[in-house]
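Each chain gets a letter, A, B and so on, in the order its sequence line appears, and its residues count up from 1. All values below come from the heavy atoms of this structure, side chains included, with hydrogens, waters and symmetry mates left out.
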Amino acid sequence: MLAGPMARRQYPFHLIEPKWQQHWDAEGTFKAFNPGEALPAHHPFAVRHGYSGTAPDAAGLPPKFYILDMFPYPSGAGLHVGHPEGYTATDILARYRRAQGWHVLHPMGWDAFGLPAEQYAIRTGQHPRKTTEANIATFKRQIKSLGFSYDWSREVDTTDPKYFRWTQWIFLQLYHAWFNPATQRAEPISTLSYPAGCETEAQRREYRDARRLAYVSQAPVWWCEALGTVLANEEVIDGRSEVGGHPVVRKPMRQWMLRITAYADRLLADLETIQWSDSLKQMQRNWIGRSEGAEVDFEVVGSGDKIRVFTTRPDTLFGATYMVLAPEHALVERITTVECRAAVERYRSETSSKSDRDRTESVLDKTGVFTGALAINPVNGQHIPIWIADYVLASYGTGAIMAVPAHDTRDYEFATKFGLPIVQVVEPPNGRDWRGFVDDGVAVNSAGPEVCLDGLPTPEAKRRITDWLAAKGLGQRMVNYKLRDWLFSRQRYWGEPFPIVWRTDATGEPWHEALPESALPVMPPALDDYKPTPDGQPPLARATDWVRLPDGAVRELNTMPQWAGSCWYYLRYLDPGNGAGMVGSDAERYWMGSGVARSGGGDAGGKRGVPGVDLYVGGTEHAVLHLLYARFWHKVLFDLGQVTTPEPFFRLVNQGLILGEDGQKMSKSRGNVVNPDDILVEYGADAFRLYEMFMGPLQETKPWSTKGVEGVYRFLGRVWRLFVDEAAETEFEQALAVTEPSQARGLLDRLRLSASVAVGDPTPAQLRALHACIRKVTEDLEGLRFNTAISAMMMFVNEAMTWSTRPAAVLKTFLQLLAPFAPHVSEELWQRLHGHIGQAPGSLGYAAWPEFDPALLVEETVEIPVQVNGKLRDVVRVPAGAGPAEVEAAAKESPKVQAFLADKTLRKVIVVPGKMVNLVVG
RNA sequence: GCCGAUGUGGCGAAAUGGCAGACGCAGGGGACUUAAAAUCCCCUGACCGGAAACGGUCGUGCGGGUUCGAGUCCCGCCAUCGGCACCA
């Protein structure tokens, strides 16, 4: 991987980095404190903010800043260089905000339920717990070796019973709640009122169970034979499992569902209240897929049956020349005529055996059969044929459509293929062909006995016809969503068991019942074999003793999907040890920032956090699933009074992908995977962190370059040599070569700083260089422009290297700027520098962030580019405050410029003070 | 097909509508060295002219436009990447 022999070490990072990581661990430097928690007198946070041994409440603490990483699934392969990209960015910001006086919460944990550990268990019989623990240990070692300032006392693990107890508890909250359409929020199931006819307890139970936010459905689901489980819609891509790419089939099964569709509107609307990228919001909007239209009833000729369709174009009702039902539609059986029955049956069985992939491939070649039945178009009484076709989906809208071939692409293709009539009802603007025209135009041929739309523009026609339909009781305004309810059960072992048991009533019907909170956590049983049973039951069925309860009830055998644990982990970080609730309310109010405006504890007074997580950083792969599910749970918990903000993640940033050196996606098969461990051995954590940030903008996809690591590594070497005496360095290197590695750390004390580093007044030029750097680094950190912040520090160091005397005060401030990026070497030099000038070093991590002084940045003279007709011809130097006339005169004096003015008439002069001059001639 | 993002040197990239290519990598030259590594200094968008100093022309995916001035703003294309994809 790393070509050539190991280069000479630029500085002893191999001693410095473990030293400071151990120091931070021992001191608990980055621990965050909950309201009411006692602050140790000598903790740097307490010292910085002037609390000594007190226990400030929320109002007394500084404003919070919650910086969250998407926690990893600890895979057996260990960390790859993509993980630490986001982690480094958040760590830099966490350290920066701490220095600014905010009270930073920056935690890490493990999303540790999941399939790989279970599949390993199936192969080897090793309990997933063991695999998981080993993988977590690897990940933790790797992450810790990068020197991130996590508060490890808040570490969470979704597979820890003390954690998943509360995952199960949240499920119970969903189970015990319903969505009240009148209030548009979740309420306890006890507020549900029963309609007349719900007399018996069995009837009431059925009514109630059908309205819970967590409910059981018999609907067809995606079954993956290879994985031995069902998958959510979102986990199926092109008829294959997202994980592993195995084939999946449709299969009716009894499954737990979560009623996320009830929240579709709020999930959509509240996107406006949060700071996410537009593209990410758009992806969520598309996924929710809200569309407005109308439902219209069509009567079937010769029967009382009505077919309800959903359409976004009720204005084209006069152009409906046939209808299509989904093959699975309930009415197909009833309306099909004797002559057509055989063909319909054949078509239905063909489509049901089709995989989703086959259906997708048939997009261009539409199929379908006539049922023999006719329907009546309510606007003009026309009889139109009813077909079935698999281009109509049973799961969307009503599973039936009115087909308007003139103005719908799919209907047009179908009608063309089967020779069905095509009638124009919309006149396109500017003379375009009306066939297949699907955009807005003006209604034509749309006059019936009772209603006429002719001449109306599309939006108005929609309104007119919808009002008419409503008045006649034939239809109504309707909103539909692509979003489906969330399939929440999996036939797996390594997941949270449901806190649910099943009982059988007198008639033999099974019904479900929640376990009491006192039964939590429901632990998974011990098993010898983690495979599903031969008869297709989930693996938990193998634990026969566990399944049967003494009172005759039977446990739910499904487990929850991996998303469950990651839906709320950001809340558990707030109060990870709480045994009485998922999160204490004081902690929740403080860290999620919904508490009252504080008077300003600490020295960050006046600052104010935002509601929710201040900054959440992670990959785009979670743009829809995790982020939508977590928002949904958060809103339910909000409705139920468990949390106090409507949205969990106020600001979200997606880090870009890191590609291999060859510009391809990193993968084992391509052999282009870069292991952070190798980089760390060679260049150290500080160089690694710096390079990950120097590569380019955080959000962008960019290729790895180990040569690039060497560049920032050389920069850190220059920083080192800016401080350290060359002779002492040589001595140190020689001593290091003959010292036992275990004793080597003590040698650090032999290092002396250069005599050029001294107490003394900086020159104006030195101050200007420093303050330009402060300004640039500070502004770039605010804008997450880490790459340009680093380049500013490089420029500072390049200049500082030329100074024969290096004022300690200037170097000290520079170390503060460098510290968030390269904390280990900064700490070491910070300590040495203070020793060198005979001062006690305060905690670098909590030293107040420097502010730049604009007055120091002012130059006496400035260079002004001179353009003639917009082209650069010369650069003149003028006094900094020079007025337009002065600048213009200087420009005209330039011989180079004069050459371009000769024989020309000066028509116009544009002077932008301090910026440029443009002389327009002709 | 629809939605979104991105196109700048050999490479990663930088530029509130105002000196395009900062910073870094790679490359070239030099200093130090017996030599190499490391380090330090200089050069490095293309083309034309010039011995050189230097001067000129072109140049931010393509074509138009706005403007004294466009990588940046507007219109129309093209390409790459990501998401969705028979959602009525």
Side-chain angles (χ1 to χ4, degrees), chain A residues 4-5 7-10 237-238 277-287 289-291 293 309-313 316 324 359-360 362-364 366 389-393 395-404 407-411 413-414 438 480-484 620-621 623-624 654 656-657 661 663 691 694-697 699-712 714-715 717-718 721 726 785 787-795 798 801-802 863-875 896 899 907-912 914-921:
Chain A
R8 182 181 183 273
R9 198 180 281 119
Q10 291 267 353
I237 314 282
D238 287 340
S277 71
D278 285 337
S279 61
L280 192 64
K281 287 185 182 181
Q282 200 53 45
M283 281 169 77
Q284 293 230 331
R285 283 190 202 106
N286 290 343
W287 195 265
R290 179 189 155 98
S291 66
V309 303
F310 172 71
T311 176
T312 55
R313 294 297 301 269
T316 62
V324 186
R359 273 177 89 139
T360 310
S362 67
V363 166
L364 290 175
K366 300 240 169 341
D390 65 1
Y391 83 88
V392 172
L393 307 175
S395 53
Y396 184 77
T398 61
I401 62 158
M402 63 175 204
V404 184
H407 307 294
D408 181 281
T409 312
R410 298 146 302 182
D411 297 345
E413 286 167 5
F414 191 81
V438 298
N480 255 299
Y481 301 92
K482 282 203 276 186
L483 185 68
R484 292 288 106 85
T620 347
E621 64 271 24
V624 190
N654 287 121
L657 205 62
E661 301 227 40
Y691 176 65
F694 188 63
M695 291 171 84
Q699 290 92 335
E700 231 89 305
T701 298
K702 43 212 176 278
W704 179 268
S705 158
T706 300
K707 280 287 182 195
V709 185
E710 284 177 27
V712 293
R714 279 199 281 268
F715 161 68
R718 279 200 298 283
R721 292 191 295 277
E726 214 182 307
R785 293 180 297 269
N787 53 333
T788 49
I790 292 166
S791 98
M793 290 189 286
M794 286 173 167
M795 285 194 277
N798 288 346
M801 287 299 274
T802 68
E863 283 189 335
I864 300 288
V866 182
Q867 298 176 351
V868 178
N869 283 348
K871 292 196 178 184
L872 180 72
R873 295 304 177 184
D874 198 9
V875 177
K896 287 182 193 170
R907 304 219 180 265
K908 198 172 176 184
V909 178
I910 290 142
V911 179
V912 182
K915 282 279 183 189
M916 51 74 66
V917 183
N918 191 9
L919 304 172
V920 184
V921 298

Using atom [atom1] of each nucleotide, how far apart are [N] and [M] to the nearest Å?
{"N": "B:C2", "M": "B:C68", "atom1": "C1'", "value": "42 Å"}
{"N": "B:C74", "M": "B:U67", "atom1": "P", "value": "16 Å"}
{"N": "B:G64", "M": "B:A70", "atom1": "C1'", "value": "14 Å"}
{"N": "B:C77", "M": "B:G50", "atom1": "P", "value": "47 Å"}
{"N": "B:U66", "M": "B:A85", "atom1": "C1'", "value": "38 Å"}
{"N": "B:A14", "M": "B:G9", "atom1": "C1'", "value": "13 Å"}
{"N": "B:C43", "M": "B:G82", "atom1": "P", "value": "41 Å"}
{"N": "B:A52", "M": "B:U44", "atom1": "P", "value": "15 Å"}

Query - Contiguous pairing runs of three or more, Watson-Crick or G-U under 3.5 Å, that involve RNA chain B - result: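 Ordered by first number, the stems with RNA chain B (at least 3 consecutive pairs each) read B:1-7 with B:78-84, B:10-12 with B:23-25, B:27-31 with B:39-43, B:45-49 with B:54-58, B:61-65 with B:73-77.
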Query raised in the report: Can A:Q10 and A:R721 be counted as having a side-chain donor-acceptor contact under 3.5 angstrom?
Result: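 Side chains of A:Q10 and A:R721: pair found under 3.5 Å.
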Between [options], which one does the side chain of [X] approach most closely?
{"X": "A:M916", "options": "B:G18, B:A14, B:A15", "value": "B:G18"}
{"X": "A:E863", "options": "B:A26, B:C19, B:A88", "value": "B:C19"}
{"X": "A:N918", "options": "B:A22, B:G69, B:A20", "value": "B:G69"}
{"X": "A:D408", "options": "B:C58, B:C23, B:A88", "value": "B:A88"}
{"X": "A:K871", "options": "B:C23, B:A88, B:C58", "value": "B:C58"}
{"X": "A:K707", "options": "B:A22, B:C25, B:C58", "value": "B:C25"}
{"X": "A:R721", "options": "B:G83, B:G18, B:U39", "value": "B:U39"}
{"X": "A:Q282", "options": "B:C23, B:G4, B:A88", "value": "B:G4"}
{"X": "A:Y391", "options": "B:C23, B:C86, B:A88", "value": "B:C86"}
{"X": "A:Y396", "options": "B:G18, B:C58, B:A88", "value": "B:A88"}

Query raised in the report: Closest nucleotide of RNA chain B for A:Q867 versus for A:A400: which of these residues is on the 5' side?
Result: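 Nearest-nucleotide comparison on RNA chain B picks A:Q867.
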Query raised in the report: Between A:T620 and A:E710, which has a closest nucleotide on RNA chain B that is more 5'?
Result: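 Counting from the 5' end, the first nearest nucleotide belongs to A:E710.
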Query raised in the report: What is the glycosidic conformation of B:G9: syn, defined as within 90° of 0, or anti?
Result: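 Here the answer is syn: the torsion falls within 90° of 0.
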Any [X] side-chain heavy atom under 4.5 Å of [Y] side chain:
{"X": "A:N869", "Y": "A:V920", "result": "yes"}
{"X": "A:T316", "Y": "A:M402", "result": "yes"}
{"X": "A:R718", "Y": "A:N798", "result": "yes"}

Report task. Tell me, with the steps shown, if A:Y391 and A:I401 meet side chain to side chain contact (heavy atoms under 4.5 Å, CB included). Result -> CA-CA 10 Å; A:Y391 83 88; A:I401 62 158; 3.8 Å; yes
Across the strands shown, which category fits [X] at heavy-atom distances under 4.0 angstrom: base, sugar-phosphate, nothing?
{"X": "A:N787", "result": "sugar-phosphate"}
{"X": "A:S291", "result": "sugar-phosphate"}
{"X": "A:T311", "result": "sugar-phosphate"}
{"X": "A:V912", "result": "base"}
{"X": "A:R873", "result": "sugar-phosphate"}

Query raised in the report: CG of A:L393 versus C1' of B:A85: gap in Å, rounded?
Result: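 After rounding, the gap between these two atoms is 11 Å.
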Query raised in the report: If the sugar-phosphate is the primed atoms plus P, OP1 and OP2 and the base is the rest, what is the B/S/- string for nucleotides 5-12 of chain B, using protein heavy atoms under 4.0 Å?
Result: -------B
Under 3.5 Å, is there a donor-acceptor pair between the side chain of [X] and the main chain of [Y]?
{"X": "A:D874", "Y": "A:V866", "answer": "no"}
{"X": "A:R873", "Y": "A:A899", "answer": "no"}
{"X": "A:N480", "Y": "A:S291", "answer": "no"}
{"X": "A:K702", "Y": "A:P697", "answer": "yes"}

Is the distance from OP1 or OP2 of [N] to the nearest side-chain N or O of [X] less than 4.0 Å?
{"X": "A:Q10", "N": "B:U39", "result": "yes"}
{"X": "A:N798", "N": "B:A22", "result": "no"}
{"X": "A:R714", "N": "B:C25", "result": "yes"}
{"X": "A:R718", "N": "B:G24", "result": "yes"}

Report task. Taking all non-hydrogen atoms of both residues into account, name the closest pair between A:V868 and A:V921 and its distance. Result ->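 Closest pair (atom of A:V868, atom of A:V921, distance): CG1-CG2, 4.0 Å.
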Query raised in the report: Quick one: the side chain of A:K482 and the base of B:C84, do they pair up donor-acceptor inside 3.5 Å?
Result: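 Side chain to base: no pair below 3.5 Å.
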Query - A:M794 vs A:V712, side chain to side chain contact (heavy atoms under 4.5 Å, CB included): CA-CA, chis, key distance, verdict - result: CA-CA 9 Å; A:M794 286 173 167; A:V712 293; 3.9 Å; yes
